[in-house]
Amino acid sequence: MSVSAGPVSTSDATHQPRDHDKARGPGSAPPNDAAMKHVVQFSGGIGSWAAAMRVAAEHGTDNLILLAADTKAEDPDLWRFVADAGSLLGVEPIVVADGRTPWQVFADQRFVGNSRIAPCSVHLKQRPCRAWLTANADPANTMLYVGIDWSEQRRVPAIEKGWAPWPVRFPMCEPPYLSKQDMLDWARAERLRPPLLYEQGFAHNNCFGVCVRAGQRQWRHLLTVAPERFAAAEAEEEKLRTQLGDVAILKEQRRGVSYPLPLSELRRRAALPKALPDAVHTRCLQTTRSPDDNADGDRARRTVTPSSRSARRPHPAPIP
């Protein structure tokens, strides 16, 4: 089938290609073998969809695989988007699952996930995907694709190392360089309704907005737009605190010392008109150490163009 490679960003002329644009190391060159499997790590986010579209435009869909991991904690609309995207491409997504929820993983590991270490990413996404690859995808004739974009090119070497021995490409780190808004507009142009979480103001479409990788700003946003989901997460965290002691998803700094910040306390403070630190971006599938030791916290960021990357706002001070 014929698939659109997407729009050409007006920001291209201002983007200076980095080292990873020019040479990303072994395994980064496009494969020519007609029998090559093209496996897109299909998270349900707009970046992985855009990556899949570019792969389909370049290689067709006969050997295209959309590999999705079910954390048992996703927004039902994520699965609507996955199904609609699969229909658009003419490819039935493959869904793998551990079977547990993130909270069950935390209880089993006796560890509450946070912005630096997320056992849920390892057990519910990376390991099931790696198990499927081991059983079904010979590295000699398989190319993996990850949907990070040009703003995260610094992560390319670590992701390549983490998914070895499978080679990895990053279609959205290649020109034309698109912002997240460009990708959302592209989906609408294809008559594909983007995931609901983006419309609700979340930076990423994962875990129903209830992500331990997120920072205080996203959790306050969750409290505002979906208080019932915040309350459910707060209850789960309290169960773990009963078992494990004074631990929490969030932390805060007071006089240079880090302290747990329970969701119950964040909710109590929510009425205070104070700015909070930027949220933390999720990267569950894109391993930074190894597929079994992932750190899916990169920083959530504003949608920017390449020319405006240097114009960053200073982070507001944490809650006193």
Side-chain angles (χ1 to χ4, degrees), residues 1-12 15 17-33 36-68 81-82 85-86 88-91 93-94 129 133 137 139 141-163 166-187 189-190 192 194-195 204-205 281 283-287 296 298 303 305-306:
M1 64 177 293
S2 176
V3 177
S4 166
V8 175
S9 173
T10 56
S11 62
D12 288 347
H15 179 80
R18 303 183 184 184
D19 290 340
H20 293 309
D21 292 320
K22 301 170 184 176
R24 290 187 298 280
S28 63
N32 295 316
D33 188 350
M36 183 71 69
K37 291 182 178 178
H38 302 280
V39 181
V40 178
Q41 300 277 23
F42 204 63
S43 67
I46 199 64
S48 63
W49 170 79
M53 291 290 284
R54 285 191 171 178
V55 174
E58 182 177 355
H59 299 289
T61 59
D62 289 347
N63 294 318
L64 176 62
I65 296 167
L66 306 177
L67 182 60
F81 180 75
V82 167
L88 176 64
L89 287 162
V91 177
I94 293 174
C129 287
L133 290 167
N141 65 355
T142 301
M143 181 65 70
L144 299 187
Y145 299 86
V146 173
I148 66 169
D149 64 33
W150 55 268
S151 67
E152 300 177 281
Q153 292 189 67
R154 68 191 182 282
R155 296 174 51 203
V156 167
I159 294 172
E160 288 180 325
K161 181 179 179 180
W163 283 107
W166 291 274
V168 189
R169 283 185 66 195
F170 307 85
M172 305 319 295
C173 289
E174 300 170 3
Y177 303 100
L178 304 182
S179 68
K180 181 166 290 183
Q181 188 59 53
D182 290 333
M183 298 179 212
L184 292 169
D185 291 343
W186 178 13
E190 297 287 343
L192 177 66
H204 306 283
N205 185 34
H281 172 72
R283 59 181 179 189
C284 293
L285 274 172
Q286 295 85 46
T287 58
D296 211 1
D298 39 348
T303 298
T305 63

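Keep in mind that this is a model prediction, so the values were computed, not measured.
- Within the 4.5 Å cutoff, no side-chain heavy atoms of D182 are placed close to those of Y177.
- Taking 4.5 Å as the limit, every side-chain heavy atom of L178 sits out of range of all side-chain heavy atoms of W150.
- When all heavy atoms are compared, the tightest approach of P194 to A187 is CG-CB, 4.4 Å.
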Show your working on side-chain contact (heavy atoms from CB on, under 4.5 Å) between L144 and L67 and close with a plain yes or no. CA-CA 10 Å; L144 299 187; L67 182 60; over 6 Å; no
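- The two residues N205 and G45 come nearest to each other via the heavy atoms CB-CA, 4.3 Å.
- For P139 against P167, the heavy-atom pair with the smallest separation is O-CD, 3.8 Å.
- A heavy-atom distance below 4.5 Å is not found between the side chains of D149 and C173.
- Two residues are said to be in side-chain contact when any heavy atoms from C-beta on lie closer than 4.5 Å; L88 and E190 meet this criterion.
- M143 places none of its side-chain heavy atoms less than 4.5 Å from the side chain of V39.
- Side-chain N or O atoms of S48 include one that pairs as donor or acceptor with a backbone N or O of S43 at under 3.5 Å.
- Nearest heavy-atom pair across M36 and N141 is SD-C, 3.0 Å.
- Heavy atoms only, all atoms of each residue included: Q41 and C129 are closest at OE1-SG, 3.8 Å.
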In sequence, state the C-alpha distance, the side-chain angles, and the governing distance for I46 and W186, and then conclude on side-chain contact (heavy atoms from CB on, under 4.5 Å). CA-CA 10 Å; I46 199 64; W186 178 13; over 6 Å; no
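- Side chains of D185 and Q181 form a contact here, defined as non-hydrogen atoms less than 4.5 Å apart.
- Here the side chains of R154 and E152 are in contact, with some heavy-atom distance below 4.5 Å.
- Atom CE of M172 and atom CE of M53 lie 10.5 Å apart (nearest 0.5 Å).
- Remark: I65 CD1 to Y145 OH distance equals 11.0 Å, nearest 0.5 Å.
- Annotation: side chain of E58 is not in contact with side chain of H38 (no heavy-atom distance under 4.5 Å).
- The two residues V168 and E160 have their closest heavy-atom pair at O-OE2, 3.8 Å.
- Ion pairing of E174 with R54 is absent here, as no side-chain N (NZ or NE/NH1/NH2) approaches a carboxylate O to less than 4.0 Å.
- A search for ring-ring contact (aromatic ring centres under 6.0 Å, His included) contacts involving W166 returns nothing, not counting sequence neighbours.
- Remark: A52 pairs with V40, F42, L66, L89 by the side-chain contact (heavy atoms from CB on, under 4.5 Å) rule, at least two apart or across chains.
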